[in-house]
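Within every chain, numbering begins at 1; the chains are lettered A, B, ... in the order of the sequence lines, protein sequences first and strands thereafter. Please read these numbers as outputs of a predicted model, since none were measured by experiment.
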Protein chains: 2
Amino acid sequence: MRGIMSTSRTNLREACLSEAIRTIEKDGIEGLSLRKVARRLGVSHQAPYKHFASREHLLAEVVADAFADFAVFLDKRTRSSRTEDELLAMGLAYIEFALKHPLKYRLMFSTTLPDRSEHPVMLEKAERSYLLLKDCLSGLEYAHRPDIDEAMLERDAMLILTLVHGLVTALTSDAMDTMPISEQARESAIAHTLARIGTILGGSVPTEPEMERISEAVRDRIPTGAVTLNLRD
Amino acid sequence: MRGIMSTSRTNLREACLSEAIRTIEKDGIEGLSLRKVARRLGVSHQAPYKHFASREHLLAEVVADAFADFAVFLDKRTRSSRTEDELLAMGLAYIEFALKHPLKYRLMFSTTLPDRSEHPVMLEKAERSYLLLKDCLSGLEYAHRPDIDEAMLERDAMLILTLVHGLVTALTSDAMDTMPISEQARESAIAHTLARIGTILGGSVPTEPEMERISEAVRDRIPTGAVTLNLRD
DNA sequence: TTGGTAAGTTGACGGTGTCAACCAGAGGCG
DNA sequence: CGCCTCTGGTTGACACCGTCAACTTACCAA
């Protein structure tokens with residue numbers, strides 16, 4: 001028999017998803033439990049298992065949806081912008097999304113997500129956003145400079161992503177509650193980050209000797225190969 | 001009566017800490033439980049509560065230790081380096097630590113840590129590393145340029161930290177298992193990041209009109225004030 | 001000696017994920 | 001029509017978990 005709830009027919013699956021979202025909003029990602037969503041849906045504790053193999057699978061789907069929303073947002077906002085500077089538009093869109101949907105954003109970059117390799121759909125949705133940025137970069141005249149090859153572009157894309165991610169992570173961290181910053185400081189932090197991205201793309205590629213100097217230092221100091229997974233020493 | 005274990009006297013506290021570390025190594029941060037620690041120490045499930053108010057408190061202490069180790073490492077490596085380029089030395093030290101102790105590093109930047117504001121000791125240890133970088137930056141001639149004021153330095157410090165953090169997060173992410181990259185690509189990713197940091201510090205500060213252009217766009221698009229904590233819409 | 005406190009103990013409660021077994025209904029099919 | 005199988009729900013059990021409460025011991029200070 002079905003539960004008493006309004007969840008008609010066999011759409012319990014959808015109901016679980018949206019109830020999961022509501023639960024995360026209220027209790028955080030750690031507070032999500034299959035039993036809780038079942039209870040809140042007025043359904044037996046095992047019912048969700050008919051639609052999701054495990055808690056992780058449910059979570060993976062919620063996260064995948066968040067990523068999908070993110071990609072759509074990025075795409076739409078960047079496209080619709082009449083700005084010359086398409087990269088600036090994308091950066092702004094990124095930041096706008098993260099500040100408008102901090103929970104969703106946090107969810108996407110939580111470190112306790114289900115293993116990516118076991119949830120290919122989630123992974124695929126996540127990669128979409130990265131591709132959008134890379135495409136955007138490819139469209140700029142930056143990409144047509146003779147000193148920029150594919151690998152360089154890829155590395156710079158990563159850097160840019162990292163910069164914006166770091167910025168919004170800081171801006172939406174709960175440190176902001178205990179140590180709030182002024183609206184003005186916030187704005188200049190954002191503008192500064194975006195400007196510095198411009199600096200990176202505008203500046204010429206590091207010179208050969210400079211790269212060699214750094215690479216040497218890297219080879220000197222950075223361990224190569226397998227990593228050790230222990231917390232001691 | 002005491003447990004049978006070798007944990008003599010009242011050093012159960014220390015024993016808990018190191019057993020917690022061992023547990024995290026084996027079962028991940030999610031797998032840490034006070035009961036497990038107690039069991040592995042041959043002690044009753046409530047014994048750890050005499051030394052740690054809750055699971056979170058135990059975890060906070062482990063994390064605080066990790067941060068302390070990190071700060072010490074940064075300091076030592078940077079100091080001992082005979083390089084002219086002190087910033088490069090610090091960047092390398094950062095990366096070296098993260099690659100040598102990926103678990104410890106992940107632990108420090110896990111998103112499921114105890115609330116920072118409720119664990120001041122942990123917070124304080126965490127801030128130490130940031131201060132080290134800022135100090136390092138202050139020592140450079142960069143800091144003495146007329147166009148660099150305190151706020152600018154602070155913002156650039158944040159950017160640099162973000163860049164290095166993003167780099168090592170990618171390098172130690174488990175995506176590396178499923179999509180491994182060549183030793184050479186790894187090395188150039190590292191060198192590239194460090195070089196781009198140089199680009200940032202070397203380049204001149206963004207011009208006034210450029211900043212104004214960006215700031216305007218920011219004001220246009222970025223929501224101000226309170227954020228909404230919901231996952232819908 | 002006495003009394004109080006710190007550091008252990010056992011026990012209980014409510015919560016979790018998940019396996020197993022059962023059951024009702026719907027649809028295909030001989 | 002009758003049967004049979006599959007889907008989506010059910011209850012029940014198990015082994016965990018964090019944490020509160022109450023009890024016991026050992027020691028140390030007055």
Side-chain angles (χ1 to χ4, degrees), chain A residues 1-63 110 112-115 118-119, chain B residues 1-63 110 112-115 118-119:
Chain A
M1 227 14 197
R2 283 206 37 269
I4 298 86
M5 298 303 297
S6 56
T7 73
S8 72
R9 280 314 206 143
T10 179
N11 56 1
L12 202 171
R13 190 167 206 288
E14 291 307 310
C16 281
L17 282 171
S18 63
E19 194 57 46
I21 287 176
R22 227 160 294 140
T23 303
I24 294 177
E25 283 171 1
K26 196 160 80 71
D27 305 326
I29 188 170
E30 305 300 305
L32 175 66
S33 93
L34 283 185
R35 291 181 102 110
K36 202 183 301 190
V37 318
R39 206 179 315 128
R40 300 231 248 157
L41 252 34
V43 95
S44 85
H45 69 262
Q46 274 290 356
Y49 276 89
K50 298 295 164 175
H51 303 276
F52 304 95
S54 74
R55 174 189 186 274
E56 302 281 272
H57 283 76
L58 170 58
L59 186 54
E61 211 142 324
V62 173
V63 173
S110 164
T112 49
L113 293 186
D115 197 349
E118 289 180 27
H119 299 271
Chain B
M1 227 17 198
R2 280 205 40 266
I4 296 86
M5 298 303 300
S6 56
T7 73
S8 72
R9 278 315 203 147
T10 178
N11 56 2
L12 202 172
R13 188 165 208 288
E14 292 307 311
C16 281
L17 283 170
S18 62
E19 194 57 46
I21 286 175
R22 228 160 293 141
T23 303
I24 293 177
E25 283 170 2
K26 197 159 79 71
D27 305 325
I29 189 169
E30 306 300 304
L32 175 66
S33 92
L34 282 185
R35 292 181 102 109
K36 201 184 301 191
V37 168
R39 206 180 315 127
R40 301 232 249 157
L41 252 34
V43 96
S44 86
H45 69 261
Q46 275 289 356
Y49 276 90
K50 298 296 165 177
H51 302 278
F52 304 94
S54 73
R55 174 190 186 274
E56 302 282 272
H57 284 77
L58 170 58
L59 186 54
E61 211 142 324
V62 172
V63 173
S110 164
T112 49
L113 292 186
D115 197 348
E118 290 179 26
H119 299 271

Q.
Check this for me, if you would: do B:Glu25 and B:Arg22 make a salt bridge, where the nitrogen-to-carboxylate-oxygen distance has to be below 4.0 angstrom?
A. no

(Q) I want to verify a distance call: between C:dT18, D:dG18, C:dA7, whose nearest atom is closest to the A:Ser54 side chain? (A) C:dT18

Q. Among D:dG8, C:dA7, C:dT9, which is the nearest nucleotide to the side chain of B:His51?
A. C:dA7

Q) salt bridge (charged side-chain N to carboxylate O under 4.0 Å, His left out): which pairs involve residues 51-62 of chain A, sequence neighbours left out? A) A:Arg13-A:Glu61

Q.
I want to check something: taking the side chain as every heavy atom from C-beta on, are B:Ser18 and B:Glu14 in contact at a cut-off of under 4.5 Å?
A. no

Q: Side-chain contact test, heavy atoms from C-beta onward, threshold under 4.5 Å: evaluate it for B:Leu32 versus B:Val62 and give yes or no.
A: no

Which whole-number value in Å describes the distance from [X] [atom1] to [N] [atom2]?
X: B:Glu14; N: C:dA7; atom1: CD; atom2: C1'; result: 16 Å
X: B:Glu30; N: C:dG17; atom1: CD; atom2: P; result: 13 Å
X: B:Leu41; N: C:dA7; atom1: CG; atom2: C1'; result: 14 Å
X: B:Arg13; N: C:dA6; atom1: CZ; atom2: P; result: 14 Å
X: B:Phe52; N: C:dA6; atom1: CZ; atom2: P; result: 17 Å
X: B:Asn11; N: C:dA6; atom1: CG; atom2: P; result: 18 Å
X: B:Lys50; N: D:dT25; atom1: NZ; atom2: P; result: 15 Å
X: B:Tyr49; N: C:dT10; atom1: OH; atom2: C1'; result: 15 Å

Q) Which nucleotides of nucleotides 11-16 of chain C have their base under 4.0 Å from a protein heavy atom (B), which only their sugar-phosphate (S), and which neither (-), written as one string 5' to 3'? A) BB---B

Q.
Rounded at 0.5 Å granularity, tell me how far NZ in A:Lys50 sits from SG in A:Cys16.
A. 13.0 Å

**Q.** Set of side chain to side chain donor-acceptor pair (under 3.5 Å) partners for A:Thr23, sequence neighbours left out
**A.** A:Arg40

